[in-house]
Amino acid sequence: MKEARLYSEIPGGVRCDLCARRCVIHEGETGFCRVRHLEDGMLHTKVYGLIDGMAADPVEKKPLFHFAPGSHTFSISTSSCNFRCKFCLNYHSAHREHPVGREFSPHEIVDMAKDHDCQGITYTYTEPTIFMEIAHDTAKIAHEEGMYNTFVTNGYLTREAIDYISPYLDAASVNFKGSGNKGFYKEYMEVPKVEPIFEAMEYMSQKNIFIEITNLIIPQIGDFRDDTRELATWTVENLGSKTPFHITAFSPTYKITHLPRTPASVIEAHITIAKDAGLEYVYSGNIPGHDYENTICPNCGFKAVERYSVFLKRNNLDEEGKCPKCGTDLGIAGTEWMQIGPGSSRFF
Ligand code: SF4
């Protein structure tokens with residue numbers, strides 16, 4: 001176990017300042033995420049370098065459609081999470097009582113990413129906030145090696161955590177479920193409030209971290225159209241109309257196996273709402289072959305990036321990430337890592 005960062009001493013224990021739960025932890029106790037433990041007055045992380053998942057992925061799989069399109073990213077995770085979603089896809093890792101994994105140093109992780117021809121590293125599968133220390137140390141080395149770093153996050157992190165990681169974090173895919181509906185977050189995810197997610201997104205944006213938003217729609221229990229309108233409107237007003245917005249279909253899993261997959265018609269209804277709110281780049285997710293997987297230039301209608309599901313088929317952008325036909329700025333970031341032309345045969 002290694003000493004954790006971002007905690008404060010308080011009478012009788014410590015307060016963890018990493019995520020918005022701000023757990024008060026007494027001697028011998030562990031925080032809500034089960035991986036931050038107080039021993040001899042010092043907060044420890046149980047997951048520093050204890051990697052339980054890794055893969056080389058297309059960046060589109062995160063999903064990040066407007067950041068370094070066509071690039072490959074080395075994805076890593078540790079056990080556990082600060083949420084308890086009843087429909088978690090990675091529940092075997094995220095809801096584990098005790099962390100497991102194989103030990104790797106930050107240098108070894110960066111070397112593996114390079115060995116797999118990846119242009120960046122993504123901290124994902126479970127919530128990277130709870131493995132912030134290894135993410136931070138790895139991300140610092142990755143930057144020194146000219147690679148990018150991205151988080152796939154539930155957005156429930158503090159300003160202090162953002163201050164800590166922001167010098168090395170290039171982009172974040174912030175994942176909403178049920179359009180951020182407060183009652184849904186309490187009942188199905190054990191999350192007491194959603195406001196910290198919005199505060200974190202605003203602050204990440206101020207810190208020049210590129211943001212894409214994903215919103216998982218679950219039929220019957222998580223299909224909140226007014227909340228999608230609110231979320232999309234907030235995004236236009238606070239992050240800008242070019243912020244990519246992914247509306248993703250649910251597949252039955254974990255404790256929610258009694259509900260069907262989200263029908264395409266429901267996803268399309270949410271897409272219409274998000275576009276009507278002013279968002280320029282709204283995508284469908286988890287419906288392979290759907291019309292809303294490509295990036296279409298809003299000015300001339302040219303198919304600037306062609307995809308199938310989370311795989312890039314062809315990147316037609318110019319070197320600045322603009323529409324090659326009319327020069328429109330399509331809000332593409334991370335162009336220094338972008339791969340122009342056909343997608344990699346490794347994945348497609
Ligand atoms: S990371 Fe969040 S859940 Fe874990 S101990 Fe800290 S405040 Fe609690």
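Whatever order the structure lists ligands and atoms in, that order sets their numbers, starting from 1.
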So what's near atom 2 (Fe) of ligand 1, protein N, O or S atoms under 2.8 Å?
->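 Checking every protein N, O and S atom gives Cys19 SG.
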Take Glu212 and His246, measure what side chain to side chain donor-acceptor pair (under 3.5 Å) needs, and give me the verdict at the end.
-> CA-CA 8 Å; Glu212 300 202 17; His246 306 256; 2.7 Å; yes
Is the Tyr156 ring parallel, tilted or perpendicular to the Phe83 ring (thresholds 30°, 60°)?
->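 Rings of Tyr156 and Phe83: perpendicular, as their planes differ by over 60°.
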Please list, chain by chain and in numerical order, all residues satisfying salt bridge (charged side-chain N to carboxylate O under 4.0 Å, His left out) with Glu97, sequence neighbours excluded.
->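 Scan of Glu97 (salt bridge (charged side-chain N to carboxylate O under 4.0 Å, His left out), adjacent residues dropped) gives Arg34.
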Determine whether the aromatic ring centres of Tyr254 and Phe87 lie less than 6.0 Å apart.
->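 Centroid distance Tyr254-Phe87: not below 6.0 Å, so no.
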Pick from Glu29, Glu133, Glu3: which one makes a salt bridge (Lys or Arg N to Asp or Glu O under 4.0 Å) with Arg36?
->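 Filter result, single survivor: Glu133.
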Arg5 pairs by salt bridge (Lys or Arg N to Asp or Glu O under 4.0 Å) with which of Asp137, Asp17, Asp163?
->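 Of the listed options, the one satisfying the test is Asp137.
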